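Beneath this line is the structure, given in structure tokens, with notes to follow.
By convention in this document, chain letters (A, B, ...) are assigned in the order of the sequence lines, proteins followed by strands, and residues within each chain are numbered from 1. All values reported here derive from a predicted model rather than from experimental measurement.
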2 protein chains.
Amino acid sequence: MKHERADAARNRTKVLTAAAELFAVKDPRAVTMDDIAKAAGVGRGTLYRRYPDVASIAVALLDEHETALQRDLMSGPPPLGPGAPPAERLAAFYAAMADLLETHGNLALATELGGRRFEIGAYGFWRAHVLSLLREAAIPTPEALADTLLAPLAPEVFKFQRAQGLTLANIKSALSRLAMVVENRPG
Amino acid sequence: MKHERADAARNRTKVLTAAAELFAVKDPRAVTMDDIAKAAGVGRGTLYRRYPDVASIAVALLDEHETALQRDLMSGPPPLGPGAPPAERLAAFYAAMADLLETHGNLALATELGGRRFEIGAYGFWRAHVLSLLREAAIPTPEALADTLLAPLAPEVFKFQRAQGLTLANIKSALSRLAMVVENRPG
DNA sequence: CGATAAATGGACATCGTGTCCGTTTATTTG
DNA sequence: CAAATAAACGGACACGATGTCCATTTATCG
């Protein structure tokens with residue numbers, strides 16, 4: 001494929017760094033395409049050329065952190081990666097996601113503007129991962145449970161919990177209790 | 001207190017029925033104050049006089065259904081009301097909420113426009129209920145778990161699951177498995 | 001039947017969106 | 001190095017929704 005033009009590349013990074021700054025400083029849901037264009041010193045048209053909306057810019061920024069976790073899930077050491085029992089892997093996944101939300105919560109929030117939560121590629125990945133854990137644990141009809149178990153990881157939920165005064169440890173603890181549902185036990 | 005003026009009362013019902021119609025027909029997130037005013041045959045100013053935004057109209061509509069459930073939770077027969085063990089009460093609550101979402105999902109969706117999920121009074125009620133069940137079950141530091149257990153009841157989650165082809169029964173089944181986390185078991 | 005206060009409705013100013021297109025700039029080619 | 005070409009740029013524009021404001025209408029009371 002052809003090389004990206006120099007000015008294009010320069011503007012891309014200007015946009016991304018400016019957007020990251022904005023997301024970090026103010027409420028991500030209040031960040032507008034106009035804001036980003038202004039902050040990046042770029043025209044509106046230039047911005048829209050690459051990104052159709054604010055959420056997709058946030059996705060681009062968050063992506064790098066998410067793919068790191070995704071790699072660990074697929075081929076990292078246990079309990080995150082393969083090798084540990086499903087319940088432990090789920091708990092480890094929860095803990096890792098909580099850390100991700102703690103560090104990049106604002107970004108994650110911006111990612112879902114307009115209720116796009118389920119349309120984003122990452123959600124499909126997390127869902128597939130949880131689903132495979134449920135299958136490995138021989139849970140019957142795991143499809144519904146996968147979404148159910150993913151719901152508490154919604155950025156809004158995490159943000160709300162933190163705003164309530166709950167600590168990261170509190171939340172992780174609640175999530176690890178949740179992870180116990182994949183254990184088969186006497187009915 | 002003074003009586004509500006006749007025309008005011010008439011317009012109130014015109015607004016509410018028109019809004020209910022709109023929410024039922026089209027995507028609730030696309031319903032605008034303008035739409036409702038037009039459909040109700042009422043001016044914008046009249047609408048804003050009573051309701052500050054679309055979400056609050058949806059709240060008014062949903063309220064009646066929610067309060068019925070809230071009454072049953074507090075003083076209805078078990079397992080929904082007091083008397084049954086916490087795990088069963090939670091499962092019953094989940095089932096009732098799933099039914100509510102199945103019937104009034106669009107309304108619930110409209111209720112949370114602008115990410116207001118946690119600011120709405122109803123959420124506080126559900127949270128208090130779950131919290132009391134967790135306390136009764138002697139779960140340590142139950143605060144974080146309450147929000148975690150409530151997260152799968154987000155209207156968007158339910159809607160997504162249904163859109164995926166999952167049945168109401170599938171979802172209820174997943175939720176009742178979730179309810180098992182309140183059972184104390186050998187660690 | 002006024003008088004009074006409440007209720008109404010639409011015009012207005014503002015803001016964000018997404019598109020369109022004339023202009024500028026990087027890159028390629030001779 | 002200079003002209004040619006294609007890509008990228010940026011701001012103007014039209015649109016849609018919001019929330020407010022206030023002149024006018026309407027219900028209610030004495």
Nucleotide [N], atom [atom2] - distance to [atom1] of [X] in whole Å:
X     : N      : atom1 : atom2 : value
B:H3  : D:dT28 : NE2   : P     : 10 Å
A:L22 : C:dG16 : CG    : C1'   : 15 Å
B:E4  : D:dC29 : CD    : P     : 14 Å
B:I36 : C:dG10 : CD1   : P     : 17 Å
A:K14 : D:dA8  : NZ    : P     : 15 Å
B:R5  : C:dT4  : CZ    : P     : 16 Å
A:D7  : C:dT25 : CG    : C1'   : 6 Å
A:D53 : C:dT19 : CG    : P     : 11 Å

Sugar-phosphate only, base, or nothing, as touched by B:R12 at under 4.0 Å among non-hydrogen atoms: nothing

Touch class at under 4.0 angstrom, heavy-atom based, for B:N11 against every strand present: sugar-phosphate

Salt bridge (charged side-chain N to carboxylate O under 4.0 Å, His left out) partners for [X], two or more places apart:
X     : answer
B:R71 : none
A:E21 : none
B:D72 : none

Parallel, tilted or perpendicular, as decided by the 30° and 60° cut-offs, for the rings of B:Y123 and A:F160: perpendicular

Paired and unpaired positions of DNA chain C as dot-bracket, Watson-Crick or G-U wobble under 3.5 Å, | denoting a partner strand: ||||||||||||||||||||||||||||||

Nearest-nucleotide comparison on DNA chain D, the residue closer to the 5′ end among A:A9 and B:P52: A:A9

Sequence-distant partners of A:D63, side-chain contact (heavy atoms from CB on, under 4.5 Å), two or more places apart: A:T67

Which residues share a side-chain contact (heavy atoms from CB on, under 4.5 Å) with A:P155, sequence neighbours left out: A:L101, A:A108, A:L109, A:E112, A:R117

Pairs involving residues 154-166 of chain A, ordered by first then second residue, that meet salt bridge (Lys or Arg N to Asp or Glu O under 4.0 Å) (sequence neighbours left out): A:E102-A:R162

Contact state string [nucleotides 11-18 of chain D, B base, S sugar-phosphate only, - no protein heavy atom under 4.0 Å]: BB----SB

Short side-chain N/O contact from A:R49 to OP1 or OP2 of D:dA8, under 4.0 Å: yes

Test item: A:S173 side-chain N/O and A:A169 main-chain N/O as donor-acceptor pair under 3.5 Å: no

Other ILVMFWY residues reachable from B:V59 by side-chain steps of under 4.5 Å: B:I120

